[in-house]
Amino acid sequence: MSTVMLEAHDVGFRSLAGQSLVEDVSLRVEAGDRLAIIGPNGAGKTTLLRMLAGMVRPGLGEIRLGGRRLDHLAAIDRARKIAVVGQSDQPDPRLAVIDYVELGRVPHVGLRRRSEERDIVVEALKRTGMLKMLDRVIGSLSGGERQRAQIARAIAQEPKVLFLDEPTNHLDPRARAEILELVAELGVAVVAVLHDLSLVAPFASRVAVMNGGRLVGLDSPARTLTPALVREVFSVDVLRLPHPVEDRELTIFDIPIRLSVYP
Ligand SMILES: Nc1ncnc2c1ncn2[C@@H]1O[C@H](COP(=O)(O)OP(=O)(O)OP(=O)(O)O)[C@@H](O)[C@H]1O
C-alpha cells in the first residue's frame, strides 16, 4: 500500500500587491516518489516548492505532511522530516565542509557531537564525493563542489522528504547524472525543481508542469512530456528518435539558438 507523505490541496499564493503567483495546485507525494517540478522561468515553481517545504505559508489551501497540517507542526518537527537545498542558499563561507554537513544533524541531536553522528556525516560526504574536501572551507569550493556539500548536508539530515531547487545547475553533465542517481537511491520522497528537461524522464517518477502559476500537467514523464505540451509550455519541440546503438528511444529537446524560427 502506498503511503502519502505530502499533500497539497488547492494551494495558492499571492504577492503583497495581490498578484496571484500560484493558483489552485493540488498534488500528493508518496513515499519513494520523485516528483520533478518543471516550467518556464517565472512559472511559480520555486514559490510552490517553498510552500510545500513549509518555508512560506500558502495564502490559500492547505498542505499536509504525514497527514498533519504543515503549518501546525513545530519547526523542529519539520526540520526532522524535511530537508531543503535551495537555489539561493548561502552557506557561511568560513565553515569547514565537515562542520557545514554536520549542521544537518542539528534537528536530531542539537549541537551535541557524538561518534555515531560523525559516521552519518562521513557517509554523506562519501556518497557525494566530498570526503576528500572535508577540511576545506565552503568559500573555497567551486559552484559544483558547494552544490555537493549542500546535498551532503541534506542527506545527513535523513529527511522523509527532500526538496531540491535546481540541484544540478552548477554541475557538469556527468556530475548531474551522478547526483540525481544518488538522490534517487536514497529512497526518500524527493521534490525537485528541474530546468534540464532531459533529466526529467531518467530521474522522476512523476512530473508536475507549472505554467503561469497553474499546474498544467501531473503524471509520469512519459505521459506528461508530450510534444504538444512541451511545445505549448516551453515553445520548443521534443523529438523521439531511435538510439543509434542501443535498443531504446532517445528523447531530444530541440532547442535552437535562433528562437526566431518559432513564430
Ligand atoms: N515576493 C514576491 N513578490 C512579487 N512577486 C514575486 C514574489 N516572489 C516571486 N514573485 C514572482 O512570481 C513569479 C514566480 O516566481 P518563482 O520564483 O516561483 O518562479 P520560478 O518558476 O521558480 O522561476 P525560475 O525558473 O525563473 O526560477 C515570478 O514572476 C516572480 O517574479
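All of these numbers come straight from a predicted model, not from anything done at the bench. Just so you know, ligand 1 is whichever comes first in the structure, and atom 1 is the first atom listed for that ligand.
Considering backbone and side-chain atoms alike, Gly44 places an N or O below 3.5 Å from some N or O of ligand 1. Between Lys45 and ligand 1, an N or O atom pair is found at a separation short of 3.5 Å. Any N or O atom pair closer than 3.5 Å counts here, and Ser15 shares no such pair with ligand 1. Considering both main-chain and side-chain atoms, Gly39 never comes within under 3.5 Å of ligand 1 through any nitrogen or oxygen pair.
Interface atoms of ligand 1 facing Ala43, defined by a heavy-atom separation under 4.0 Å, are 19 (O), 20 (P), 21 (O). Less than 4.0 angstrom separates some heavy atom of Pro40 from each of these atoms of ligand 1: 21 (O).
At least one protein heavy atom sits closer than 4.0 Å to atom 4 (C) of ligand 1. Checking atom 16 (P) of ligand 1 against the protein gives a heavy-atom contact under 4.0 Å. Counting protein heavy atoms under 4.0 angstrom from atom 23 (O) of ligand 1 gives one or more.
Side-chain contact check for Val190 versus Asp33: every heavy-atom pair is 4.5 Å or farther apart. Using a 4.5 Å cut-off on side-chain heavy atoms (C-beta onward), Leu162 and Gln157 make no contact.
Counting protein heavy atoms only, atom 26 (O) of ligand 1 is closest to Asn41 ND2, 3.1 Å. Gly42 O, 3.4 Å is the protein heavy atom nearest to atom 14 (C) of ligand 1. Given atom 2 (C) of ligand 1, the protein heavy atom at minimum distance is Leu21 CD1, 4.2 Å.
Cluster annotation: Met55 is connected to Val22 through the hydrophobic network of ILVMFWY side chains, with a link wherever side-chain heavy atoms come within less than 4.5 Å. Residues Ile252 and Phe234 do not share a hydrophobic cluster, defined by chaining ILVMFWY side chains whose heavy atoms lie under 4.5 Å apart.
Contacts of Thr46 with ligand 1, taken as heavy-atom pairs under 4.0 Å, involve both backbone and side chain.
No donor-acceptor pair closer than 3.5 Å links the side chain of Arg64 to the backbone N or O of Glu7.
Side-chain contact check for Asp219 and Thr224: no donor-acceptor pair (N or O, by modelled atom type) lies under 3.5 Å. Side-chain contact annotation: Asn169 with Gln147, donor-acceptor N/O pair under 3.5 Å present.
The environment of Arg174 atom CZ is sparse: at most 12 non-hydrogen atoms of other residues, nucleotides or ligands sit within 6.0 angstrom.
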**Message:** Quick one, Ile38 with Met210, criterion side chain to side chain contact (heavy atoms under 4.5 Å, CB included). Give me CA distance, side-chain angles, the key distance, then yes/no.
**Reply:** CA-CA 6 Å; Ile38 63 169; Met210 295 291 292; over 6 Å; no
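A salt bridge is defined here as a Lys NZ or Arg NE, NH1 or NH2 lying under 4.0 Å from an Asp or Glu carboxylate O, and Arg231 with Asp237 meets this definition.
Under a 4.0 Å heavy-atom criterion, Ala17 is not in contact with ligand 1. Put simply, part of His195 is less than 4.0 Å from ligand 1, judged by heavy atoms.
Looking at Leu16, Leu49, Thr47 and measuring to atom 18 (O) of ligand 1, the nearest heavy atom belongs to Thr47.
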